[in-house]
Enquirer: 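Here's a structure for you.
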Amino acid sequence: MPPLLRLRDPTTLLPSLAAASHLRALHAHLLVSGRLASPSHLAAFLASLAASNHLAYARLVLPRRPATLLAHNALLRALARGPRPGLAFAAFRDLPLPPDHYSLNFLVRAAAALAASAAEGRPAVCTEVNAKLQAVSAHGAAVRCGHAADPHVQSGVLSMYAALGDVAAARAAFAEIACPDVVCVTAMVAALAAGGDVDAARDLFDGMPQRDHVAWSAMIAGYVHVGRSREALMLFDEMLSAGTTVGEATLVSVLTACAQMGALDRGKWVHWYAGSRGMQMSVKLGTALVDMYSKCGAVVTAMEVFESMAERNVYTWTSAVSGLAMNGMGTECLQLFKRMESAGIQPNGVSFVAVLGGCSMAGLVDEGRACFDSMDKYGVDPWKEHYGCMVDLYGRAGRLDDAINFINAMPMEPHEGVWGALLNASRIHNRVDLGKYALDKLLAIESENDAAHVLLSNIYAESQNWKGVCRVRGMMKAKGVKKVPGWSTIEVDGKVHEFFAGSKSHPRYNEIELMLVEMNRRLRLQGYTANTREVLFDIEEEEKEGAISLHSEKLALAFGLIALPEDVEIRIVKNVRVCRDCHDYTKLISKVFNREIVMRDRNRFHHFKGGECSCGDYW
DNA sequence: ATAGGGTTAG
C-alpha cells in the first residue's frame, strides 16, 4: 500500500470546494484505495479538477506526488482547454521535468485558444498583442525543446497562426515541414482560407494526394468564410460524388452556405440528409438549421427547429432572436430574448445587437432602450454597433432629437455606423437638413461610402430636390465612387438563378421578357404607374442600366412567376436594399397574381401577400 | 497511459 497523501481538510483551504462534494469524495476514494499513486489515476484526477475549475486544488495535489510528465501534461492539457488558457504558460515554465512532445502540443493549443479569444474580442482573456507574443513564445519553445518536427505540434502551430490571422507566419511554418501529412495540409488549407486567400487554399487542396472528409470540410468552410457560397455548394456536390463520408461539420458549413444564398430547398435537403443518416441534432447543427431557415425567410420552421432542440446555447438563442428580428417579428423577438434571460442564458454583445435590431424594426423604442440599459447588468460593454442600433431605434421611430442627443452623449467618437443610421432615419423622415449633416460626418470618416451617397441622393429625390440629386451624382463621379452592382437571386428546383439589373443573359430571357410585359399590363389595369421620379433619380442602390422594369428583383420575380408552381411562394434574395418602386410593384404583384413573395434585402425580409408587406412600408 | 486538421449567432 503506497503512502497516503497528507492533506488538511480541503474545504478549509478552498471554500469553493465545499460545493463540489463529489470531487472530495473522489479524492478520498483515490487516497484510501491507494490509486492516487498510479500516474494515470492521478493524471485523470488532475484533469477533472482543472476542468471543473478547481485549479488551486490541482496545484495543491500535484507537487505532493512524484513528478511524472503524465500528470503534469494532464494539467497542461486541462489548462489549455480551460477558460484561462494563459495559465498553461506558467505551468509549462514551472515543469519539474523536461517537456516532451505532448507538453509542447498542449502549450501550442493553449496559445491557439488565446488567439481565438483575442479574435472573438474577449480582451479580458487575452488581447491581440498578447496572443501574438504567446504564439511566438509557444512556437519558440517547441523549436527550442526539439519538438517542432512532431506532426501534432506542427498542425497545432498552423492552426494557432490561423487563429491569429497571421497567414504569413503559417506559410513560413508550413514551409518548414518536410513531409506534411494530410492533417497539416488541411490545417494549412484552413489557415489560407481564414486569411482570405481561398484561391491559394484551393490550389493546395487540389494538390493534396489524398483528401479525407475533414479536408473537404475545411475547403468548403473556406469558401463559406469569404462568402463564396455558390462555390462551397459546388464543392459539396463534388464531395458527395466522390463518395466521401459527410460529417456534421461539413453539413454545418453547407447550411451556412445555404443561409447566405437563401437556398431554402438545398437547406431543407441538408436537414433531411442529416436525419436520414441518423445524425443527432447537436447544438451546432441545430443552430445552423435555425440560422438557415431564418435567413431563407422560413421563420416558422426556424422556430420549430429551435423548440425541438434538446440543448441550446447562447449561439442558438441569439440565432433565433436574430431570425425573428430580420423577419420583422419585433414583438416575438423581444419575447424570445426575455425567455432567453429567464432560461438563465447570459446574453452577450451579439445577442444585444440582435434584440436591439428587432426592437428597431418594430418601433419598440422604450423596450429597446431598456435592453440597452440592461447590458451593464450582464457585464457587456456596449460596442460601437450597439450605439448604431440605438441611433437607428430612435431615428426610425422619428425621434431624431433623441437620436442626436444619444450621439452627443456617446463615450466614444461616433463611428460611420452611427452616422449611417442617422442618415437613413433622415431619409425615412424626409429631413434633408439632418441628412446632409449626417452625410458630412460620414464622409469625413469614409469618403468613398457608396451607400451614403446613394442615401443622400434618395433624400433629395424624395423631397424633389433635383439639383441636390445632381450634385450628389457629380460628387460620386468626381470621387470615382462606384455603387455596388445590385443583384437578385431566386432558387428554382434547387438551382440558384442570378439576375443583374438590365441583364438579358438568362437562358429563358425571352419568356421573362414576355412575362414582364404581362406583369406591367395587369398592373396598369390596377392603376399602377411606374414611379418615374424615382427612375429619374435612381433611388435604387444598384446600377441603373435599363428601364425601371429591369431592376434585378423584377427579373427574378418574372422568372419566379414562370418557373414556380402557383402554390409555392416566390423567394428572392437581394444584395442591396429594395427600392420604393420595386417594393410597391411587388406588393401589387402579390395581389394581382395572388402569390406569396418573400424578399430578403441587405437588412431584412419583406413578406408580401395580398398587396401588403410585412414591413408595413417601413424600412 | 496523454495529442492533430474542418463546424453555430451580428
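Proteins come first, then strands; the chains are lettered A, B, ... in the order of their sequence lines, and each starts at number 1. Here the structure is a predicted model, which means the values were calculated and not measured.
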Enquirer: Taking only residues at least two apart or on different chains, which pairs with a member in residues 154-178 of chain A satisfy salt bridge (Lys or Arg N to Asp or Glu O under 4.0 Å)?
Expert: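 Qualifying pairs: A:Arg171-A:Asp197.
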Enquirer: Could you tell me if the side chain of A:Met281 sits less than 4.5 Å from the side chain of A:Leu289, heavy atoms only?
Expert: yes
Enquirer: Please report the distance, rounded to the nearest Å, between CE in A:Met219 and C1' in B:dT7.
Expert: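 Rounding to the nearest Å, CE of A:Met219 and C1' of B:dT7 are 15 Å apart.
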Enquirer: Quickly work out the A:Trp216 CH2 to B:dT7 C1' distance and round it to whole Å.
Expert: 18 Å
Enquirer: Kindly determine whether A:Ser319 and A:Thr287 satisfy side-chain hydrogen bond (donor to acceptor under 3.5 Å, both in side chains), including the steps that lead there.
Expert: CA-CA 7 Å; A:Ser319 183; A:Thr287 304; over 6 Å; no
Enquirer: Checking all strands, does A:Lys384 fall into the base, sugar-phosphate, or nothing category for heavy-atom contacts under 4.0 angstrom?
Expert: nothing
Enquirer: Could you check whether A:Asp291 pairs with A:Lys284 (Lys NZ or Arg NE/NH1/NH2 to Asp/Glu carboxylate O, under 4.0 Å)?
Expert: no
Enquirer: Which pairs would a plain distance check flag for residues 340-350 of chain A, meaning a side-chain donor or acceptor within less than 3.5 Å of a matching protein atom at least two apart in sequence or in another chain?
Expert:
residue	atom	partner	partner atom	Å
A:Glu341	OE2	A:Tyr378	OH	2.6
A:Ser342	OG	A:Lys338	O	2.9
A:Asn348	OD1	A:Val350	N	3.0
A:Asn348	OD1	A:Ser351	N	3.1
A:Asn348	OD1	A:Ser351	OG	3.0

Enquirer: Going by heavy atoms closer than 4.0 Å, what residues in residues 98-112 of chain A are next to DNA chain B?
Expert: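 Of all residues in residues 98-112 of chain A, the ones placing a heavy atom under 4.0 Å from DNA chain B are A:Asp100, A:His101, A:Tyr102, A:Asn105, A:Phe106, A:Arg109.
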Enquirer: Write down the distance between CG (A:Leu204) and C1' (B:dG5), rounded to a whole number of angstrom.
Expert: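 Whole-Å distance recorded here is 12 Å.
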Enquirer: Run the side-chain hydrogen bond (donor to acceptor under 3.5 Å, both in side chains) test against A:Asn73 and tell me which residues pass, sequence neighbours left out.
Expert: A:Asp100, A:Ser103
Enquirer: Write down the distance between CG (A:Asp212) and P (B:dG4), rounded to a whole number of angstrom.
Expert: 15 Å
Enquirer: A:Ala218 near the nucleic acid: base, sugar-phosphate alone, or nothing, with a heavy-atom cut-off under 4.0 Å?
Expert: sugar-phosphate
Enquirer: For A:Ser282, answer base if it contacts any base atom (sugar-phosphate contacts may also be present), sugar-phosphate if it contacts only those atoms, and nothing otherwise; contact means non-hydrogen atoms under 4.0 Å.
Expert: nothing
Enquirer: Check this one for me: any side-chain N or O of A:Arg211 less than 4.0 Å away from OP1 or OP2 of B:dG5?
Expert: no
Enquirer: With a 4.0 Å cut-off on heavy atoms, is A:Ala190 in touch with a base, just the backbone sugar-phosphate, or nothing at all?
Expert: sugar-phosphate
Enquirer: Could you please name the option among B:dA1, B:dA9, B:dT7 that lies closest to any side-chain atom of A:Leu70?
Expert: B:dA1
Enquirer: Is there, by distance only and without an angle test, a donor paired with an acceptor across the side chain of A:Asp181 and the base of B:dG5 below 3.5 Å?
Expert: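 Not at all, since no donor on one side and acceptor on the other fall under 3.5 Å apart.
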Enquirer: Measure the acute angle between the ring planes of A:Phe406 and A:Tyr387, then classify it against the limits of 30° and 60° as parallel, tilted or perpendicular.
Expert: tilted
Enquirer: Taking DNA chain B as the partner, which of residues 335-346 of chain A come within under 4.0 angstrom of it by heavy atom?
Expert: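 Per residue number, the list is empty: none.
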Enquirer: Just compare B:dG5, B:dT8, B:dA3 and give me whichever is closest to any side-chain atom of A:Val182.
Expert: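 Nearest nucleotide to the side chain: B:dG5.
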Enquirer: A:Leu285 CG to B:dG6 C1': how many Å, rounded?
Expert: 15 Å
Enquirer: Kindly point out which of B:dG4, B:dA9, B:dG6 is positioned nearest to the side chain of A:His213?
Expert: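 Of the candidates, B:dG6 comes closest.
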Enquirer: Of the nucleotides B:dA9, B:dG4, B:dG6, which has the atom closest to the A:Cys184 side chain?
Expert: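 When the side chain of A:Cys184 is considered, B:dG4 is the closest of B:dA9, B:dG4, B:dG6.
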Enquirer: Under the salt bridge (Lys or Arg N to Asp or Glu O under 4.0 Å) rule, what pairs show up with a residue in residues 300-326 of chain A, not counting sequence neighbours?
Expert: A:Glu307-A:Arg312, A:Glu307-A:Arg339
Enquirer: So which atom in A:Arg369 and which in A:Met390 form the shortest heavy-atom distance, rounded to 0.1 Å?
Expert: CD-CE, 3.7 Å
Enquirer: Of the nucleotides B:dA9, B:dG6, B:dG5, which has the atom closest to the A:Val183 side chain?
Expert: B:dG5
Enquirer: Taking the inter-plane angle between the rings of A:His101 and A:His147 on a 0 to 90° scale, is it parallel (under 30°), tilted (30 to 60°) or perpendicular (over 60°)?
Expert: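 Taking A:His147 first and then A:His101, their aromatic rings sit tilted (interplane angle of 30° to 60°).
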Enquirer: With a 3.5 Å cut-off and just heavy-atom distances, do the side chain of A:Asn313 and the base of B:dA9 make a donor-acceptor pair?
Expert: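 There is none.
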Enquirer: Specify the separation, in whole Å, of atom CG of A:Asn73 and atom P of B:dG4.
Expert: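 Interatomic distance, CG of A:Asn73 to P of B:dG4: 13 Å.
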Enquirer: Contact class for A:Val185 (heavy atom, under 4.0 Å): base, sugar-phosphate, or nothing?
Expert: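 Touches nothing.
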Enquirer: Pick base, sugar-phosphate or nothing for A:Arg312, based on heavy-atom distances below 4.0 Å to the nucleic acid.
Expert: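 Touches nothing.
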Enquirer: Tell whether A:Ser217 reaches the base of B:dG6 with its side chain through a donor-acceptor pair below 3.5 angstrom.
Expert: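 Between B:dG6 and A:Ser217, which were checked side chain against base, a qualifying N/O pair under 3.5 Å is present.
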Enquirer: Whole-Å distance between B:dG4 P and A:Arg81 CZ?
Expert: 6 Å
Enquirer: I want to check something: taking the side chain as every heavy atom from C-beta on, are A:His386 and A:Val353 in contact at a cut-off of under 4.5 Å?
Expert: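 A:His386 reaches A:Val353 side chain to side chain.
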